[in-house]
Protein chains: 2
Amino acid sequence: MAERHSGGGPADRTLALLWRNQHPGPATKPPLGRRPTLDLNTVVDAGIALADEKGLAAASMNGVAKALGVGTMTLYTYVPSKEELLDLMVDQVLAERALPGPGEPRPATWRDQINLYSDQTRAMFRRHPWLASISTIRPPVGPGMLAAREYLLSACAVLGLSARQTNTAALAITTYIDSAAGLEAESEQLERSTGQSHDAWWNERYDLWETYFDVERHPTMTAIWNAEGYGDGTREAADESYRFGLDRLLDGIEALRDPG
Amino acid sequence: MAERHSGGGPADRTLALLWRNQHPGPATKPPLGRRPTLDLNTVVDAGIALADEKGLAAASMNGVAKALGVGTMTLYTYVPSKEELLDLMVDQVLAERALPGPGEPRPATWRDQINLYSDQTRAMFRRHPWLASISTIRPPVGPGMLAAREYLLSACAVLGLSARQTNTAALAITTYIDSAAGLEAESEQLERSTGQSHDAWWNERYDLWETYFDVERHPTMTAIWNAEGYGDGTREAADESYRFGLDRLLDGIEALRDPG
DNA sequence: GTCTATTCTCGTATACCCTACGAGAATGAC
DNA sequence: GTCATTCTCGTAGGGTATACGAGAATAGAC
């Protein structure tokens with residue numbers, strides 16, 4: 001049997017770090033011993049800044065320490081391991097989204113409430129494209145993640161579906177928004193970091209059409225290409241694709257609303 | 001200006017590897033020099049097997065070489081770098097899906113055709129959960145990726161939408177299916193590899209509800225919890241969630257069909 | 001002022017990762 | 001047998017995370 005109560009395990013330690021800014025803590029004992037030169041928020045901010053500017057790989061323990069002007073091992077005073085640092089970076093970034101809490105003013109319609117979540121999430125991924133390359137199963141359960149879930153669930157709750165279906169609908173919406181927004185941001189960031197546009201990338205694969213592509217095996221792709229169905233690769237085209245998928249998903253969910 | 005024609009760049013070399021089994025090649029010159037002990041397909045298969053069994057991290061150059069009983073550097077005879085090996089692993093796995101090509105028998109209705117893609121893709125992710133942790137922007141453009149795209153587009157083509165909308169619809173469908181199936185497989189694999197169920201993982205975070213969770217800031221979550229809206233964490237519940245999202249998305253797309 | 005308990009700092013070492021280089025082994029052609 | 005060619009793979013170099021332990025800084029006791 002796994003322990004059911006707080007036992008000071010690694011998960012409890014991580015939770016304490018995640019909620020450090022919301023929860024007062026038992027009691028502030030008088031400081032003893034050598035004073036720290038940094039604090040946890042500074043370390044997390046440095047990690048985020050580094051990942052934003054130079055990619056997730058640059059946010060190594062060595063990299064973050066150098067950016068802060070301390071030795072690598074000093075970071076381990078503030079964070080038990082790199083894994084926890086990443087969790088803290090993620091939840092902080094999740095919390096950046098300006099989503100109204102319970103009782104605060106919010107858009108009038110269900111769709112606009114979802115669209116607010118969508119806009120805020122896309123902006124978040126644009127600011128922090130490295131987020132897309134972090135697995136979201138078993139995420140850090142910190143204030144940022146919980147606040148976003150609460151908002152999305154509360155938006156879906158107005159549809160009047162069962163509790164089970166409300167949850168499932170919210171899940172489908174996050175799945176689509178988070179992954180589509182992540183892909184979008186990752187693509188834009190790749191264009192910036194490699195200096196190679198999406199079109200240039202395809203041009204580099206000119207040989208594909210020249211040498212390997214078999215029209216007979218790919219008639220639909222060929223037809224869509226001939227009808228110029230692939231769009232022009234601009235940001236606007238990508239935006240339109242994103243909206244199309246989200247709008248259709250919301251259409252489908254809204255159709256379940258009490259058919260009165 | 002970037003070069004427009006095949007110039008033997010790194011992209012062309014990767015394409016040649018990806019299409020090695022489809023395309024005969026210019027001419028088979030007589031073998032010269034020492035005979036190789038392996039071939040590329042063996043190396044790729046070993047990489048896939050290792051990633052399947054012990055995770056993507058185990059499919060290191062060292063790990064694959066050891067599994068094949070050769071020195072690490074020997075692999076570089078067959079593959080220019082680890083990046084290419086990964087591309088080859090991915091496209092091979094993408095090609096595993098049994099999706100009918102043009103002219104071959106396929107399910108009668110649009111929805112069943114999409115469902116076939118969904119089933120095959122979910123099974124693929126279940127067999128190869130490491131696939132979920134590989135970025136899909138700028139994927140390997142090999143036979144596996146192209147065949148799947150062709151199938152999905154041909155399924156969407158029967159809706160009678162414009163070429164542009166057909167492509168956009170297919171994009172939305174892959175976005176949902178690929179990410180939801182990836183998450184599902186990643187979660188199942190984590191349960192296997194860590195030996196910790198989803199429920200056990202939440203139990204380990206008992207302190208969250210005990211110490212940190214604020215009911216006033218999360219009324220909807222609380223209400224859904226009290227109404228037992230979160231399901232029981234079983235495979236069936238996850239399956240139901242997956243289907244719900246996909247069905248709603250397909251509902252929304254189908255509603256665009258000529259409203260006759 | 002000195003001593004001590006406590007805490008923070010961080011150099012060193014270990015165990016991985018990818019891969020550039022180059023020496024040596026195997027092979028077919030002559 | 002010699003030679004060009006190709007494959008094999010040990011070594012080395014630069015990257016990653018982090019365990020360990022010596023040393024520095026600080027607060028309070030005396």
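Each chain gets a letter, A, B and so on, in the order the sequences are listed, and its residues count up from 1.
- In this structure, B:Thr72 does not reach the C:dC18 phosphate: none of its side-chain N or O atoms is under 4.0 Å from OP1 or OP2.
- The distance between atom CD of A:Glu84 and atom C1' of D:dA17, rounded to the nearest whole Å, is 13 Å.
- Protein atom NZ of A:Lys54 is 14 Å distant from nucleotide atom P of D:dG15, rounded to whole Å.
- Counting heavy atoms from C-beta on, the side chains of A:Asn41 and A:Arg20 come closer than 4.5 Å.
- Residue A:Gly71 is classed as a sugar-phosphate contact, given heavy-atom separations below 4.0 Å to backbone atoms only.
- Set against D:dC7, C:dC10, C:dT6, the side chain of A:Val70 has C:dC10 as its closest nucleotide.
- In this structure, A:Glu191 pairs ionically with A:Arg235, as a charged nitrogen and a carboxylate oxygen lie closer than 4.0 Å.
- A straight line from CG of B:Leu85 to C1' of C:dT19 spans 14 Å, rounded to a whole angstrom.
- Here the side chain of A:Ser60 is nearest to one of D:dA17, C:dT19, C:dC17, namely D:dA17.
- Nearest-nucleotide positions on DNA chain C for B:Met61 and A:Thr37 put A:Thr37 closer to the 5' end.
- Here the C1' atom of nucleotide D:dA22 and the CZ atom of A:Arg34 are 12 Å apart, to the nearest Å.
- OP1 or OP2 of D:dT8 sits under 4.0 Å from a side-chain N or O of B:Tyr78.
- In this structure, A:Lys82 places its NZ atom 5 Å from P of D:dA17, rounding to the nearest Å.
- Atom CG of B:Asn62 is separated from atom C1' of C:dC18 by 10 Å (rounded to the nearest Å).
- Using a 4.0 Å cut-off, some side-chain N or O of A:Thr77 falls inside it from OP1 or OP2 of C:dT9.
- Whole-Å rounding puts the A:Leu75 CG to D:dA17 P distance at 10 Å.
- Using modelled atom types and a 3.5 Å distance limit, the side chains of B:Asp232 and B:Thr234 yield a donor-acceptor pair.
- For A:Glu204 and A:Gln196, the side-chain atoms include at least one donor-acceptor pair closer than 3.5 Å.
- Between B:His218 and B:Phe213, the ring-plane angle classifies as parallel under the 30° and 60° cut-offs.
- Residue A:Thr74 is in base contact, counting any heavy-atom pair closer than 4.0 Å across all strands shown.
- Look at OH on A:Tyr76: it is 14 Å from P on C:dG11, rounded to the nearest Å.
- Mapping A:Ala58 and A:Met73 onto DNA chain D by nearest heavy atom places A:Ala58 closer to the 5' end of the strand.
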